[in-house]
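Computed from a predicted model, the values in this text were never measured in an experiment. Quick note: numbers below take in every heavy atom, side chains included, and nothing from hydrogens, waters or symmetry partners. A note on names: the letters A, B, ... follow the listed sequences, proteins ahead of strands, and every chain is numbered from 1.
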Amino acid sequence: MAGFQSLPGFRDFYPEEFSRRQHIFATWRTAARASGFQEYDAPVLEPLELFTTKSGDEIEGQLFSFTDKGGREVALRPEMTPTVCRMVGARAGALKRPIKWFSLAEFYRYERAQKGRLRAFNQFNADIFGEAGPEAEIELMALLIQCLAGFGLTAEDFIIRLSDRDLWFFYLEALGFTDPQAQGLLTAIDRFEKMGDDAFKGYVEVHGILAEETKAKVLAFLKIKSLAGLEAALAEFNSEKLGVRLADWRKVLTGLADMGLADFISVDLSVVRGLAYYTGFVFEAFDRRGDLRALAGGGRYNNLVKKLGYADLPAVGFAIGDVTTGLLLEQRGLAPQFINAPEIYVIIGGEAERRVALADIQALRAAGFRVEYPFKELAFGKQFKVAAECGAKLALIYGGDEIAKGVVKIRAMVDRTEHEVPRDQLRAAVRDYLSGQ
RNA sequence: GCGGCCAUAGCUCAGUUGGUUAGAGCACAAGAUUGUGAUUCUUGGGGUCGCGGGUUCGAAUCCCGUUGGCCGCCCCA
């Protein structure tokens, strides 16, 4: 192939793909604003240390990082969380609580591209800072649901699985595990669904034998799928801390149920998200058919703002990506066809008619309508064909007869009906028709 | 970072045991068509067969390398 090609894992957005992306962004932005979240943005390039502080030095292998001309170690952002923590942390004292922010941004990860995972991708991030209670989880999970339901997806299409790292640590501690052991076990639990028993190999190598009896208890806990099941499994422990935790669970589930969203949520302790910085509830959204990777993920990270050098600020957040979401919409036939289509296509008889049409075209455009017309003289038949193919809802016909009568013929493309309106009433007639759609 | 499969026009693909100027459908453009739509017909543009090297009288075809894509592993913030 002559010339150049884009870098591996990076995409060109031709207008067709761009319009699909815009549809996804618009749906997310609408959802976020409806829930009272405020939009922000930040630099694409950040100090490398911002990411290594949060995720450890090993993360550099997965980053687009380099030394800039001033000798600074920098990296393209692989995620938004450290950045938003920095921004919120820097002004933590001045921001009204709760702090509800969202962003739409592009991220970069130096990894092998796969289905649903590229090196450059877009994510919607939503976070709530300054609210330690489960009300923040309710708010975020409701937003996540709307970020998918907004496309027309239903509880038949996706499910959010809710889990809790605090509860896992409590349970593992009660079974006699030390904190490092519990961390190792959570990694195994995270992989169990995919790898089966092999998931525990790594744990055994580091921490030694895992008694069959204990493992059976862990696996039983992992398989709990309801709040009642959780309560039953934990009934024997009867501690105050646990009671508070279970009360939070009840709040989250009843809150979402009160919103009419119960069908979108499942209790699923097999989700733990490998990341050590999550501190409480964690959740992931999945395609129900299950042939895609996770659609979205999030959870509570109460220690991270402080770890990055700022105030002790509780936080919950999630991110949803454009790649997997786009694949899902494609699969379900929910990717839109005519995002950028003109609303109106103007059909012009000849040069004299063009002079009249141009005046109206410009006036309609100035009024905010999307209006298209042919540059060159074309046979009427061809113009009607173009009007149909471009997705316009209306055709305005400027022929010799109409001009002579001082009218414009308006054709509704969908049902092929036509009627004439005086030229000076055109804008109102067009608005009435289009707003009735 | 590791393994498997693949690479011919914008897209989907055909191309015989290696044999002249590499094809089709779709898409795009012009016309048939000076007043009514997803129809039809004609014509046209577009490919140094991903790239580089090798074998051969001769390579889209065989071999090696390389780049890219898909799938899996690691990882998945």
Item checked: N/O (side chain, Arg112(A)) to phosphate O (OP1/OP2, rC76(B)) under 4.0 Å -> no
Note to self: Using a heavy-atom cut-off of 4.0 Å across all strands, would you classify Arg77(A) as base, sugar-phosphate, or nothing?
What the structure shows: nothing
Notebook entry, point to check: Rounded to whole angstroms, how far apart are CE on Met413(A) and C1' on rG37(B)?
Noted result: 6 Å
Checklist line | Spacing of Glu111(A) atom CD relative to rG1(B) atom C1', expressed in whole Å | finding: 12 Å
Check: So Lys393(A) and Glu343(A), salt bridge (charged side-chain N to carboxylate O under 4.0 Å, His left out) or not? Walk me through it.
Finding: CA-CA 5 Å; Lys393(A) 293 189 170 65; Glu343(A) 294 164 302; over 6 Å; no
Margin query: So Gly400(A), base contact, sugar-phosphate only, or nothing? Heavy-atom distance under 4.0 Å.
Written below: base
Notebook entry, point to check: Between Phe384(A) (CZ) and rU39(B) (P), how many Å, whole number?
Noted result: 17 Å
Check: Counting only non-hydrogen atoms, which of residues 118-127 of chain A are less than 4.0 Å from RNA chain B?
Finding: none
Note to self: Using a distance-only criterion (donor-acceptor N/O pair, under 3.5 Å, no hydrogens), is the base of rC76(B) paired with the side chain of Arg293(A)?
What the structure shows: yes
Item checked: Side-chain donor/acceptor of Arg411(A) to base of rU36(B), under 3.5 Å -> yes
Next item on the list: Can you tell me the distance, in whole Å, between the OH atom of Tyr278(A) and the C1' atom of rA77(B)?
Entry: 7 Å
Notebook entry, point to check: Quick one: Glu79(A) CD to rC75(B) P, roughly how many Å, whole number?
Noted result: 18 Å
Check: Donor-acceptor pair, Asp268(A) side chain versus Ser270(A) backbone, under 3.5 Å?
Finding: yes
Check: With a 4.0 Å cut-off on heavy atoms, is Pro8(A) in touch with a base, just the backbone sugar-phosphate, or nothing at all?
Finding: sugar-phosphate
Checklist line | Protein-nucleotide distance (Gln114(A), atom CD; rC75(B), atom P), rounded to Å | finding: 12 Å
Check: Which dot-bracket string describes RNA chain B (Watson-Crick N1-N3 plus N6-O4 or O6-N4, or G-U N1-O2 and O6-N3, all under 3.5 Å; [ ] crossing; | other strand)?
Finding: (((((((..((((.....[...)))).(((((.......))))).....(((((..]....))))))))))))....
Check: Is the ring centre of Phe13(A) less than 6.0 Å from the ring centre of Phe25(A)?
Finding: no
Checklist line | Residue pair Glu106(A) / Tyr108(A), side-chain donor-acceptor N/O under 3.5 Å | finding: yes
Check: Which part of the nucleic acid, if any, lies within reach of Lys376(A) when heavy atoms closer than 4.0 Å are counted: base, sugar-phosphate only, or nothing?
Finding: nothing
Margin query: Tell me whether the rings of Phe177(A) and Tyr203(A) are parallel (<30°), tilted (30 to 60°) or perpendicular (>60°).
Written below: perpendicular
Check: Between Gly297(A) and Asp401(A), which has a closest nucleotide on RNA chain B that is more 5'?
Finding: Asp401(A)
Notebook entry, point to check: How is Gly349(A) classified with respect to the nucleic acid when contacts are heavy atoms under 4.0 Å: base, sugar-phosphate, or nothing?
Noted result: nothing
Item checked: Pair of N/O donor and acceptor under 3.5 Å linking rU36(B) base with Lys382(A) side chain -> no
Notebook entry, point to check: Ile344(A) has an atom CD1; how far is it from atom P of rG37(B), in whole Å?
Noted result: 21 Å
Check: Taking the six-membered ring of Phe121(A), is NZ or CZ of Arg109(A) closer than 6.0 Å to its centre and within 45° of its axis?
Finding: no
Next item on the list: Would you indicate what Glu418(A) reaches in the nucleic acid, counting non-hydrogen atoms under 4.0 angstrom: base, sugar-phosphate, or nothing?
Entry: base
Check: Glu16(A) has an atom CD; how far is it from atom C1' of rC28(B), in whole Å?
Finding: 14 Å
Notebook entry, point to check: Above 12 or not: heavy atoms from other molecules or residues under 6.0 Å from NZ of Lys215(A)?
Noted result: yes
Margin query: By the 4.0 Å heavy-atom rule, please label Glu402(A) as base, sugar-phosphate, or nothing.
Written below: base
Checklist line | Nearest-angstrom distance, P atom, rG58(B) to rG18(B) | finding: 15 Å
Check: Using 30° and 60° as the class limits, which term best fits the ring planes of Trp168(A) and Phe221(A): parallel, tilted or perpendicular?
Finding: perpendicular
Checklist line | Sugar-phosphate only, base, or nothing, as touched by Gln383(A) at under 4.0 Å among non-hydrogen atoms | finding: nothing
Next item on the list: Check RNA chain B against residues 315-331 of chain A and give the residues with a non-hydrogen atom under 4.0 Å, in numerical order.
Entry: none
Notebook entry, point to check: Does the side chain of Gln146(A) come under 3.5 Å of the side chain of Ser35(A) through a donor N or O and an acceptor N or O?
Noted result: no
Next item on the list: Taking the side chain as every heavy atom from C-beta outward, state whether Glu402(A) and Leu396(A) have any pair of such atoms under 4.5 Å apart.
Entry: no
Margin query: If only side-chain N and O atoms count, and only distance matters, is there a donor-acceptor pair under 3.5 Å linking Tyr301(A) with Asp127(A)?
Written below: yes
Checklist line | Neighbour count above 12 (heavy atom, 6.0 Å) for Lys201(A) NZ | finding: no
Note to self: Can you tell me whether the side chain of Arg117(A) and the base of rC75(B) have a donor-acceptor pair closer than 3.5 Å?
What the structure shows: yes
Next item on the list: Answer yes or no: is there a side-chain heavy-atom contact under 4.5 Å between Leu186(A) and Arg165(A)?
Entry: yes
Notebook entry, point to check: With a non-hydrogen cut-off below 4.0 angstrom, is Ile347(A) in contact with a base, only sugar-phosphate, or nothing?
Noted result: nothing
